Protein chains: 2
Amino acid sequence: MTEIERTAPAGSNITADDVAAEAGVSRWTVNRAFKKDASISAKSREKVMRAAERLGYVPDLRAASLASDRSHLVALLVDDFANPHKLVMLETLTRVLRRAGWDTLLVNTLDKEDAGSALINASQRRVDAVILIGIQFDDEVLKTAAHARRFRKLIIFARTSQSPDTISIAVDDVKAMQDIAGYVAKRGYRRPMFLAGPRTSSAHLKRKETFMAFWQERFGTVPDCASVAAYDPQLAAEVVTAELGGRGRSELPDILVCENDALAIGAMDVIRHRLGWRIPGDIAVIGFDDIPPAGGLNYQLSSYRQPVAEMAEYLVEVLESREDRDFTRLFEGGIVPRDSA
Amino acid sequence: MTEIERTAPAGSNITADDVAAEAGVSRWTVNRAFKKDASISAKSREKVMRAAERLGYVPDLRAASLASDRSHLVALLVDDFANPHKLVMLETLTRVLRRAGWDTLLVNTLDKEDAGSALINASQRRVDAVILIGIQFDDEVLKTAAHARRFRKLIIFARTSQSPDTISIAVDDVKAMQDIAGYVAKRGYRRPMFLAGPRTSSAHLKRKETFMAFWQERFGTVPDCASVAAYDPQLAAEVVTAELGGRGRSELPDILVCENDALAIGAMDVIRHRLGWRIPGDIAVIGFDDIPPAGGLNYQLSSYRQPVAEMAEYLVEVLESREDRDFTRLFEGGIVPRDSA
DNA sequence: AGACTTTTTGCACCCGTGAGCAAATTTTCT
DNA sequence: AGAAAATTTGCTCACGGGTGCAAAAAGTCT
């Protein structure tokens, strides 16, 4: 190796020491140059940055994280990839987090048993926080999490949980579902059927309960109800076929209130193409989440939009705050009326 | 702090030293216990694991990565969240990678200008490889990548690139499109129109060119062609409206060959609901990727399925191999015929 | 049992950076 | 100019674990 070698040979390891030598300062000055709000003169920073540029140096975040005990890294645990809404959430979260200087580890929680090992996975990378956006995180899993916990914050996003040591950032499901129920009633529907998703003990959506309670109180009747094992349009299609197939028009509910759009879309497909009814003529449909296809020409699905971006911004605030007590922060969205109901 | 403190107080930092003390061995024996294929007796491993369990110890992968220069971490750069196929790819990749012991950093490349800084981002985490699954990575970006490169491998997934130092893992677009063109011809369609996605200089899909060439050679005519600025159903809808709106039935192409399903689905929506034609009666549609809704009741879209899981398995092989020359590995999928064409 | 081979264990040194303090330098004020 | 205050810089020690070798322990053979 000659001394002339200046430009970074691809793959080599330029460290702060190399830059320090090049710039004629100490290693610590180099590190300070890369740190915002560090105590360093504009002149030396400039000098360092120039040298770093020449050598192709970027600080090693592993070492930084090791030394400072802050990784600026979060783990996103996801298990529910059949729901198109997940793509929206992933996009929003990664965008907002990255803008704020946070990196995201995407962990696919393969199945329920796997949730625990996914948490250990995250622990080993020493993430600052774990964010759960999935459905199969029950109390048991969360308890495991609390045990082997090597991260400061456990955040449930877009869902609320009663578990201790857990932060929830979600839409106010009760308020939202009351809005929907009110909308359904006001539009004159009187024989609703509720299409629910899977039930988990923790991190529960209170949508079904709220709707049922509302309806019973208002009209004294208990609506029909069906449940789907996952937020998957195809599964929803099967359930709706089983429920509504063979019914005459008069036996049909007048509206299908769905726990979210993934279910609603599967239901709409069945209603139109397998059962041959028209929407909203024969039966109306309303969903939740306002996923992209809901606004498309084909579905024109009335839905409820969560302020996902706003929730993500708040998530960043939570990550950046020092305190780590548990709490729940609720947001409010709004109904997006379209043709389907 | 008393000496009685045994169980890990949540958030504290148990290190290999602590476990070593607890198990009555040296720190290195502890680390060996956690390393597969390490030179350690079954007895001491057992002893160590028991102690680790008691204290709630898990090895720190930051430190491991720092010391060994292997992070077992990859960065996934994604920019194209409007395409539902991305969700499938994300699911498959994260699942397969995790099974093989690799963690995934999901980086949302906000826009074209941002691609460079996304790469630096990944570099700072010292990932072992960067995987690109997006559309806006042009030669310039890739050149930047090659420059500031702190990772061993740059892999373009589900797309091919001519860039040097770049590994491509993709479906054989030429072969695939020839299959599709053959299928279209055999089904008797004679006035196709091609709906293409955005063009990028590098990492190009050769689908359009292949289809055009095939058709010209076979029938001597050059099919109509339209182009959409992103793989987004909504954008596709606009383009198709502009192209086909106002045409009479006889002026219509008899089939719309789409570069992928995201475009096809947007096109189908317009054709049915805005233009009022029937599929495949008035105009047929064929896509690419076989995204979930393609198989749903509503679309029943004929498409081409890529062996994504198989490609992901191969990706793992590439990650695990030592050599880092550039090459391209092509896979073969197959047409999934449905009602739309 | 003694000599030799194989397995297991311990150790020095290194990976690249941060926190916090003391020394050096610059700026400000009288 | 000289002293005090403010800013900048360098340094020690620490973060947690991997590499490769040497010492120790265990197993094998005659």
Side-chain angles (χ1 to χ4, degrees), chain A residues 8 11-49 51-52 55-73 101 123-128 150-151, chain B residues 8 11-49 51-52 55-73 123-128 150-152:
Chain A
S12 84
N13 254 357
I14 309 292
T15 74
D17 280 311
D18 301 328
V19 179
E22 170 86 9
V25 296
S26 74
R27 174 173 78 68
W28 297 272
T29 302
V30 171
N31 291 128
R32 282 196 187 94
F34 279 90
K35 199 175 167 191
K36 214 167 150 48
D37 306 326
S39 157
I40 187 178
S41 71
K43 205 169 50 178
S44 8
R45 170 169 273 150
E46 172 69 12
K47 200 164 46 174
V48 168
M49 292 315 240
L55 300 181
Y57 166 79
V58 281
D60 187 328
L61 258 42
R62 296 171 306 182
S65 147
L66 190 57
S68 70
D69 200 36
R70 300 238 155 230
S71 60
H72 262 62
L73 181 67
S123 289
Q124 301 209 133
R125 296 279 174 196
R126 299 295 190 268
V127 297
D128 286 339
R150 310 286 303 221
F151 40 87
Chain B
S12 86
N13 255 355
I14 310 292
T15 73
D17 281 310
D18 301 328
V19 180
E22 170 86 9
V25 296
S26 73
R27 174 171 79 69
W28 296 272
T29 304
V30 173
N31 291 336
R32 282 195 189 94
F34 280 89
K35 199 176 168 187
K36 211 167 150 50
D37 306 326
S39 157
I40 186 178
S41 71
K43 205 169 48 176
S44 20
R45 169 170 273 151
E46 174 70 13
K47 199 164 46 172
V48 168
M49 292 317 239
L55 300 180
Y57 166 80
V58 280
D60 186 330
L61 258 44
R62 296 170 305 180
S65 147
L66 189 58
S68 71
D69 201 34
R70 300 240 156 230
S71 60
H72 262 63
L73 182 67
S123 289
Q124 301 208 132
R125 297 277 174 197
R126 299 296 190 265
V127 298
D128 286 340
R150 310 284 304 221
F151 40 88
R152 268 174 287 276

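Computed from a predicted model, the values in this text were never measured in an experiment. In what follows, chains are A, B, ... by sequence order, proteins preceding strands, each numbered from 1.
- Two residues, B:K43 and B:R62, neighbour DNA chain D, and the one matched to the more 5' nucleotide by heavy-atom proximity is B:R62.
- Taken from CG in B:L61 to CG in B:L73, the straight-line distance is 9.0 Å, to the nearest 0.5 Å.
- Residues B:V25 and B:R126 both approach DNA chain C. Their nearest nucleotides, taken by heavy-atom distance, put B:V25 toward the 5′ side.
- Scored by the side chain to side chain contact (heavy atoms under 4.5 Å, CB included) test, B:D128 finds B:R70, B:S71, B:H72, B:W102, B:R152 as partners (sequence neighbours excluded).
- Residue B:S44 is in sugar-phosphate contact alone, with no base atom involved, counting any heavy-atom pair closer than 4.0 Å across all strands shown.
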Which pairs, protein N/O on one side and nucleotides 20-28 of chain C N/O on the other, fall under 3.5 Å?
none

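- Heavy atoms of B:I40 sit under 4.0 angstrom from primed sugar atoms or phosphate atoms, though from no base atom.
- If you check every strand for non-hydrogen atoms under 4.0 Å, A:S39 touches a base.
- For the pair A:I14 CD1 and C:dG16 P, the interatomic distance rounds to 10 Å; values are reported in whole Å.
- When the C1' atom of C:dT8 is taken as reference, atom CG of B:N31 falls 15 Å away, rounded to whole Å.
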Going by atom type alone, with no hydrogens or angles, which donor-acceptor pairs under 3.5 Å involve a side-chain atom of residues 29-37 of chain A and a protein atom two or more places apart or on another chain?
unit_1: A:T29; atom_1: OG1; unit_2: A:S26; atom_2: OG; d: 3.2
unit_1: A:N31; atom_1: OD1; unit_2: A:R27; atom_2: NH1; d: 3.1

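- Residues passing the side chain to side chain contact (heavy atoms under 4.5 Å, CB included) test with B:A63, sequence neighbours excluded: A:L66, B:D60.
- Remark: A:S44 pairs with A:S41 by the side chain to side chain donor-acceptor pair (under 3.5 Å) rule, at least two apart or across chains.
- Here B:S68 pairs with nothing under the side chain to side chain donor-acceptor pair (under 3.5 Å) rule; sequence neighbours left out.
- The OH atom of A:Y57 lies 10.0 Å from the CE atom of A:M49; values are rounded to the nearest 0.5 Å.
- Backbone-only engagement by B:Y57 is indicated by non-hydrogen atom pairs under 4.0 Å involving sugar-phosphate atoms exclusively.
- C:dA19 atom P lies 12 Å from atom CZ of A:R27, rounded to whole Å.
- When the side-chain nitrogen and oxygen atoms of B:S26 are compared with OP1 and OP2 of C:dG10, one or more of them lie within a distance under 4.0 Å.
- In summary, contact between chain A and DNA chain D, defined as any nucleotide atom under 4.0 Å from a heavy atom of the protein, begins and ends at D:dT8 to D:dG16 in the 5' to 3' direction.
- Per the geometry, CG belonging to A:D69 stands 18 Å off P belonging to C:dT17, to the nearest Å.
- Phosphate contact (OP1/OP2 of C:dG10, side-chain N/O of B:T29, threshold under 4.0 Å): present.
- A donor-acceptor pair under 3.5 Å is formed between the side chain of A:R62 and the backbone N or O of B:S65.
- Note that CG of A:D69 and CG of B:N13 are 5.5 Å apart. Values are rounded to the nearest 0.5 Å.
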